[in-house]
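Shown next, in structure tokens, is the structure this report addresses.
Reminder, nothing fancy here: chain letters follow the sequence lines and each chain counts from 1.
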2 protein chains.
Amino acid sequence: MGITKTEIFTDEQNKLAIQLKAIAHPARIAILQLIIEAKACICGDLSAELGLAQPTVSQHLKELKNAGLIQGSIEGVSVCYCIEPVAWKSLNDELNKLFSSYQNFNNCC
Amino acid sequence: MGITKTEIFTDEQNKLAIQLKAIAHPARIAILQLIIEAKACICGDLSAELGLAQPTVSQHLKELKNAGLIQGSIEGVSVCYCIEPVAWKSLNDELNKLFSSYQNFNNCC
DNA sequence: TTATTTAATCGTAATATTGCAATATAATTT
DNA sequence: AAATTATATTGCAATATTACGATTAAATAA
């Protein structure tokens, strides 16, 4: 079908999946890294830096924005994108919860 | 196109994207949680617990296994799946690196 | 107002993902 | 060996994703 059965999962599971999907692409990982290092935060600069067409980068930025992970502020003719601190921390917390819930010894095999 | 331009990204970025994609689905998050809590680690049990058909769960398990995040050991007629500790820690480390690289103050907007 | 600059949207082709019924495979039990 | 039990694979329909050329929209500058 190509459609996920979201109704059988918890809101937490669905939210985490959506945010993870947003960062589960090398271009979007690269974009986040460039934004964090402040090497580039403008669509055109990111496009040049990455070697991806401007519409492609714009689309990736839109997905990161839809997931709430970045925010854009208008800077004259261009738009400066940066991390949205609250969602970023929330995702970090949720992932820490998932990863720390596993201890080597509580395995059954 | 539907195909990612992996060649323009680093191996690290591609690997992280692949592992994140593996866990970026609510069913696979739920499966990991059930495995970690040792509430279920067998395909049939997971299928019953989640309310997804057996082939669907089998496919999700395969994807997690392909990403190296779980491993299966044959237990008689059934297969017991559990976390692959090395890859699990590696992904955790990589994510910690990404998240900790961001500090609120190094933003440009 | 008319350029100019930059980002967003539209449209589209190629490919990937999701979910499951039907079936095949593998291990155990009788 | 035949039956049983459990998982994996195949095939398929519906939908989603990726990438980009062409175009549009929005803001500033001349």
Side-chain angles (χ1 to χ4, degrees), chain A residues 1-9 13-14 17-31 34-35 40-67 70-82 109, chain B residues 1-9 13-14 17-31 34-35 40-67 70-82 109:
Chain A
M1 292 170 185
I3 192 160
T4 299
K5 283 183 139 186
T6 53
E7 71 278 7
I8 67 173
F9 305 106
Q13 288 166 337
N14 286 319
I18 285 171
Q19 293 192 321
L20 283 175
K21 195 148 74 174
I23 64 173
H25 190 288
R28 293 195 287 271
I29 291 172
I31 287 171
L34 288 169
I35 287 177
C41 64
I42 288 166
C43 183
D45 294 348
L46 291 164
S47 170
E49 194 76 38
L50 294 171
L52 285 171
Q54 177 268 318
T56 304
V57 174
S58 183
Q59 194 177 266
H60 283 308
L61 286 168
K62 190 183 180 182
E63 281 174 61
L64 288 170
K65 206 174 143 197
N66 284 345
I70 61 170
Q71 62 194 166
S73 56
I74 295 168
E75 297 262 332
V77 195
S78 49
V79 179
C80 176
Y81 284 98
C82 59
C109 48
Chain B
M1 292 170 184
I3 192 162
T4 300
K5 284 183 138 185
T6 54
E7 72 277 8
I8 67 173
F9 304 107
Q13 288 167 336
N14 285 319
I18 285 171
Q19 293 192 321
L20 283 174
K21 195 149 71 173
I23 63 172
H25 189 288
R28 294 194 288 272
I29 291 172
I31 287 172
L34 288 169
I35 287 177
C41 65
I42 288 166
C43 183
D45 294 347
L46 291 164
S47 170
E49 193 76 38
L50 294 171
L52 284 171
Q54 177 268 319
T56 304
V57 174
S58 183
Q59 193 178 268
H60 283 307
L61 287 168
K62 190 183 181 184
E63 281 175 64
L64 288 169
K65 205 173 143 198
N66 283 345
I70 61 170
Q71 62 195 163
S73 56
I74 295 168
E75 296 262 333
V77 196
S78 49
V79 178
C80 175
Y81 284 97
C82 57
C109 46

Distance, rounded to the nearest Å, where [X] contributes [atom1] and [N] contributes [atom2]:
X        : N       : atom1 : atom2 : result
Asn66(B) : dA8(D)  : CG    : P     : 12 Å
Lys65(A) : dA8(C)  : NZ    : P     : 7 Å
Lys5(A)  : dC20(C) : NZ    : C1'   : 9 Å
Ile3(B)  : dT12(C) : CD1   : P     : 22 Å
His25(A) : dA16(D) : NE2   : C1'   : 13 Å
Phe9(A)  : dT18(C) : CZ    : P     : 11 Å
Ile18(A) : dT17(D) : CD1   : C1'   : 15 Å
Leu64(B) : dT18(C) : CG    : P     : 11 Å

With a 4.5 Å cut-off on side-chain heavy atoms, are [Y] and [X] touching?
X        : Y        : value
Cys41(B) : Cys82(B) : no
Val79(B) : Leu61(B) : no
Leu50(A) : Leu34(A) : yes

Out of [options], which has the shortest distance to the side chain of [X]?
X        : options                   : result
Ser78(B) : dA6(D), dA7(C), dA8(D)    : dA6(D)
Lys62(B) : dC20(D), dT9(D), dT18(C)  : dT9(D)
Thr56(A) : dC20(D), dG19(C), dC20(C) : dC20(D)
Tyr81(A) : dC20(C), dA7(C), dA8(D)   : dA7(C)
Glu63(A) : dT9(D), dT18(D), dA7(C)   : dT18(D)

Identify, with sequence neighbours excluded, every residue that meets side-chain contact (heavy atoms from CB on, under 4.5 Å) alongside Ile23(B).
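Partners of Ile23(B) by the side-chain contact (heavy atoms from CB on, under 4.5 Å) criterion, ordered by chain and then number, come out as Leu20(A), Leu20(B), Leu32(B), Leu64(B), Leu69(B), Leu91(B).
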Does Ala48(B) have any side-chain contact (heavy atoms from CB on, under 4.5 Å) partners at least two apart in sequence or in another chain, and if so, which?
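With neighbours one apart ignored, the set is empty.
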Under 3.5 Å between N/O atoms: give me all the protein pairs with nucleotides 23-25 of chain D, atom names plus distance.
none

If the condition is side chain to side chain donor-acceptor pair (under 3.5 Å), which residues does Glu63(B) pass it with, not counting sequence neighbours?
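Partners of Glu63(B) by the side chain to side chain donor-acceptor pair (under 3.5 Å) criterion, ordered by chain and then number, come out as Arg28(B).
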Plane angle bin for Phe9(B) and His25(A) - parallel if under 30°, tilted between 30 and 60°, otherwise perpendicular
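Rings of His25(A) and Phe9(B): perpendicular, over 60°.
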Any N/O pairs under 3.5 Å between the protein and nucleotides 26-30 of chain C? List them or say none.
from: dA27(C); atom 1: O3'; to: Gly76(B); atom 2: O; distance (Å): 3.2

Quick one: pull up CD1 in Ile35(B) and SG in Cys80(B) and give me the separation to the nearest 0.5 Å.
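Rounded to the nearest 0.5 Å, the CD1-SG separation comes to 8.0 Å.
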Is Leu61(A) touching bases, backbone alone, or none of the nucleic acid, heavy atoms closer than 4.0 Å?
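Counting heavy atoms under 4.0 Å across all strands, no contact is made by Leu61(A).
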Look at all strands and tell whether Lys21(A) reaches a base, only sugar-phosphate, or nothing, counting heavy atoms closer than 4.0 Å.
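The residue Lys21(A) makes sugar-phosphate contact but no base contact.
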Below 4.0 angstrom from OP1 or OP2 of dG19(C), is there any side-chain N or O of His60(B)?
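Yes, such a contact exists.
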Show me the pairs that pass side chain to side chain donor-acceptor pair (under 3.5 Å) and involve residues 40-55 of chain A, at least two apart or across chains.
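Found none.
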Toward the 5' end of DNA chain D, which comes first, Leu52(A) or Val79(B), by nearest nucleotide?
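It is Val79(B), whose closest nucleotide lies nearer the 5' terminus.
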Hey, which sits more toward the 5' end of DNA chain D by its nearest nucleotide, Gln59(B) or Ala53(A)?
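On the 5' side of the pair lies Gln59(B).
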Greater than 12 external heavy atoms within 6.0 Å of Ile8(B)'s CD1
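Check passes, neighbour count above 12.
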